[in-house]
Peer 1: 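Sending over a structure as structure tokens; questions will come in a sec.
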4 protein chains.
Amino acid sequence: MPKLGMEPLRRKALVDAALSAIGDQGTLTVTMSDIARRAGVSPALAHHYFGSKDELLIATIRSLLADLRRDTIHALNAAASPRARVSALIRVSFHAGQFAPETVAAWLAFYSQAQSSEAMRHLLVLYARRLHSNLVVNLAALCPPDLARGIAEGAAALIDGLYLRRALAAAPLSRERSIALTEAYVDAALARARIEMPAEGRHA
Amino acid sequence: MPKLGMEPLRRKALVDAALSAIGDQGTLTVTMSDIARRAGVSPALAHHYFGSKDELLIATIRSLLADLRRDTIHALNAAASPRARVSALIRVSFHAGQFAPETVAAWLAFYSQAQSSEAMRHLLVLYARRLHSNLVVNLAALCPPDLARGIAEGAAALIDGLYLRRALAAAPLSRERSIALTEAYVDAALARARIEMPAEGRHA
Amino acid sequence: MPKLGMEPLRRKALVDAALSAIGDQGTLTVTMSDIARRAGVSPALAHHYFGSKDELLIATIRSLLADLRRDTIHALNAAASPRARVSALIRVSFHAGQFAPETVAAWLAFYSQAQSSEAMRHLLVLYARRLHSNLVVNLAALCPPDLARGIAEGAAALIDGLYLRRALAAAPLSRERSIALTEAYVDAALARARIEMPAEGRHA
Amino acid sequence: MPKLGMEPLRRKALVDAALSAIGDQGTLTVTMSDIARRAGVSPALAHHYFGSKDELLIATIRSLLADLRRDTIHALNAAASPRARVSALIRVSFHAGQFAPETVAAWLAFYSQAQSSEAMRHLLVLYARRLHSNLVVNLAALCPPDLARGIAEGAAALIDGLYLRRALAAAPLSRERSIALTEAYVDAALARARIEMPAEGRHA
DNA sequence: CATGAATGAGTTTTCATTCAT
DNA sequence: TATGAATGAAAACTCATTCAT
């Protein structure tokens, strides 16, 4: 029952199917057949639209990152102050959709794959840079630039680490607790900055 | 030319070969043939000693964890105070051998595999619990138990996150910087605790 | 935007596309998609007009042979004597269009396919018979019939062999040299006939 | 029932199976499964020993050429004079084994493949050069060098052409007739040389 | 007339695993 | 103890072909 204009629908269905398959099995070694089955199409169609498994995988992480970016932009726009924007970045990182066990498992699989796929690594690095830069820009309004960079690095690492622990599903740190932990980290670091250099006043 | 008493040597050679193969390729999909070749034996022998690829993989992560455990015990024994022991735990986590790119890549691959292998997950959970408990015990001497747990969770997550970023090899946080960042996290958290509850005095 | 009277145009475009695809890749394993793309239509249309890949291939060699036949008739009509007609046959065989590397590659592919396709073999046999008979008829005016047959066989084989060597593109025998070689063959054979049987006089 | 030292046996069996499969079907598109089945092994074993289909195919033509070379050397050694060596080269070319329909079909398939495989082309060019050079060396003892080259080119092309016609299996030129035709070509060409330049005397 | 959508059947290739020696 | 020999099972990928529109 062929219909016109199916391509974008199929592409999306396949990318979603890939994400869910990877999330379920926690590995990129999921088969094209498995993904296709989840999307309700033949494996041949998946190849038809994406050319190869690798490209489907790339499209999949790209989609994950695009979601994250969209949410980030939205959250930043809704925040009124630098500190609020830092909180927004943290909250978005632990956004329900991103923090679901399957999504976390998929992230992990992509990170692992990045060891051997330059394209994959590139995408993940872009994401890391974007988060870092967003954090630094807003933290710089609250403390000296050097410190802002340090806090940004720490916060980003903390976020990633909390994801990783989530993947283990052993110490089931909740979304809220993860956010609280990260906020506390930022607060403590900023507080310390204020104590150690009380004379420096406000930062633009 | 079979020799007597080769078993432990072969097992070690195969585990080391597996670790280096996984580290190089960043994935557990390395082949038994590849591992066997690195160990200088036939794939059949790898099966002879380990029964299956899965079991060789389990033995490999077990070896990684055993190393870490040995180093940890040693470092803890050499530290004189609770705070020094916390530092020792941090330092061991970023120990040169563990923090080498190949080892980090291997860790990541194991975490990823843990999604679908109960045995793998179990081992990683054990390691996570051990680190957590070591941290809590020593932090509890410096702050209230609840806070100690929070700091321990944060520090452990931070360590894992710094590993993960190391795996990306994009923001090449050095070993020293990673240690400093984690120490700063602990210091800031403890300092905050002291400010917020100055009257509480010493903790056992 | 379907148009009326497109059928002959499409058929020709597809046959030409098939020939060029086969010539470029030197094999009949070119895909229908490739051929259709070159013709600027969808693979489905190629099927619509030809029913199957096999039939398109048959139509393609048929077209090649039709061209050759047309050229042959034309060249024979323009020649004034039996010997000139033999030369005409030789020249036509090495006609620029036929002797282009891509066309030679296509010929070779068809010959190869003839091993397993009766239809293909039939067409090539027809061509071979026609050339043979044309040669014999004209050579018989210059020598005894038996010898004429022998020379025709030799000349035809020589032509095919020169094609084959052209396909290799290693000893790049030019069109002119190929013609000269074949002419020399005929001359030598005829000369020999005259020496060995000088008394026989003219042949009809 | 594994035995030691099977490798050379399997390699030979696979190469022979490939040759017969290609000969039967007249195409290199025979499947590895088909070849393996003929050799009595699994497709996986064929890959194990040859790495890929392409390499098995290369090994196959290599074997064909090696046979031819061996026969050639043998025949040349058994011939007492330059003219006898030319005859030997002709006879070897039409040697029973090489001239069997399946072998001829295989040759044709390889020539066809040479259009797109540099390795294949290289091997066929080597063979062509060797035959040419063998012919020239011996013909040069019977006529001027320039003419020797011309005759060699013609004879080689004639041989190839007779093969090609054999592949068609339409004008079933026998082995003997093919040899006779080629010998006649050489004789006629040499005779002509003697008539046209009677003063030149013997050639070294 | 023309095509985008879709797939079944098949092909190469890989790899963990087994087993006789 | 050790391995060369061998394979079943599965995976990615290809392609001629069909069909509703």
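Labels below follow one simple rule: chain letters A, B, ... track the order of the sequence lines, proteins then strands, and each chain is numbered from 1. What you are looking at is a predicted structure, and each value in this text was computed from that prediction instead of being measured.
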Peer 1: Please report, rounded to the nearest Å, how far the P atom of dT3(F) is from the CD atom of Glu7(D).
Peer 2: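 Nearest whole value for this atom pair: 16 Å.
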
Peer 1: Would you call Glu118(C)-Arg121(C) a salt bridge at under 4.0 Å N-O?
Peer 2: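 Salt bridge flag = yes for Arg121(C) with Glu118(C).
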
Peer 1: Once you round it to whole Å, what is the distance between P of dA11(F) and CD1 of Ile35(A)?
Peer 2: 12 Å

Peer 1: NA contact type, Tyr49(D), heavy-atom cut-off 4.0 Å: base, sugar-phosphate, or nothing?
Peer 2: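 Tyr49(D): backbone/sugar contact only, no base atoms under 4.0 Å.
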
Peer 1: Less than 4.5 Å apart, side chain to side chain, heavy atoms only: is that true for Val41(C) and His48(C)?
Peer 2: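 No, side chains not in contact.
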
Peer 1: NZ of Lys12(D) versus P of dA5(F): gap in Å, rounded?
Peer 2: 18 Å

Peer 1: Summarise how protein sits on nucleotides 7-13 of chain E as a single string, 5' to 3': B when a protein heavy atom is under 4.0 Å from the base, S for sugar-phosphate-only contact, - for no contact.
Peer 2: BB--SSB

Peer 1: Check whether more than 12 heavy atoms from other residues, nucleotides or ligands sit under 6.0 Å from atom CZ of Arg70(D), and answer yes or no.
Peer 2: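 Atom CZ in Arg70(D) is packed in, count exceeds 12.
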
Peer 1: Is there a side-chain contact between Arg10(A) and the phosphate of dG4(E), meaning an N or O under 4.0 Å from OP1 or OP2?
Peer 2: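 For Arg10(A), the contact criterion (side-chain N or O under 4.0 Å from OP1 or OP2 of dG4(E)) is not met.
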
Peer 1: Rounded to whole angstroms, how far apart are CD on Gln25(B) and C1' on dC15(E)?
Peer 2: 13 Å

Peer 1: Roughly how many Å is it from CG in Leu9(A) to C1' in dG4(E), rounded to a whole number?
Peer 2: 13 Å

Peer 1: Would you say that Ile61(D) contacts Leu124(D) through its side chain, given a criterion of any heavy-atom pair below 4.5 Å between the two side chains?
Peer 2: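 The answer is yes, as the side chains (C-beta and beyond) meet within the 4.5 Å cut-off.
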
Peer 1: Taking all atoms of both residues into account, what is the closest heavy-atom pair of Glu55(D) and Phe50(D), and its distance?
Peer 2: CB-O, 3.2 Å

Peer 1: Is any side-chain heavy atom of Val30(B) closer than 4.5 Å to one of Arg38(B)?
Peer 2: no

Peer 1: Whole angstrom is fine here: how far is it from CG in Leu56(A) over to P in dC13(F)?
Peer 2: 10 Å

Peer 1: Compare all side-chain heavy atoms of Phe110(A) with those of Leu123(A) and state whether any distance is below 4.5 angstrom.
Peer 2: no

Peer 1: In whole angstroms, how far is the P atom of dG4(E) from the CZ atom of Arg37(C)?
Peer 2: 12 Å

Peer 1: Could you check how far CG of Leu14(C) sits from C1' of dT17(F), rounded to whole Å?
Peer 2: 15 Å

Peer 1: Taking the side chain as C-beta and beyond, is there a heavy-atom pair between Leu28(D) and Met120(D) under 4.5 Å?
Peer 2: yes

Peer 1: How is the base pairing of DNA chain F summarised as a dot-bracket string, given the Watson-Crick and G-U wobble criteria with both distances under 3.5 Å, [ ] for crossing and | for another strand?
Peer 2: .||||||||||||||||||||

Peer 1: If I take atom OG from residue Ser63(C) and atom NZ from residue Lys12(C), how far apart are they, to the nearest 0.5 angstrom?
Peer 2: 6.5 Å

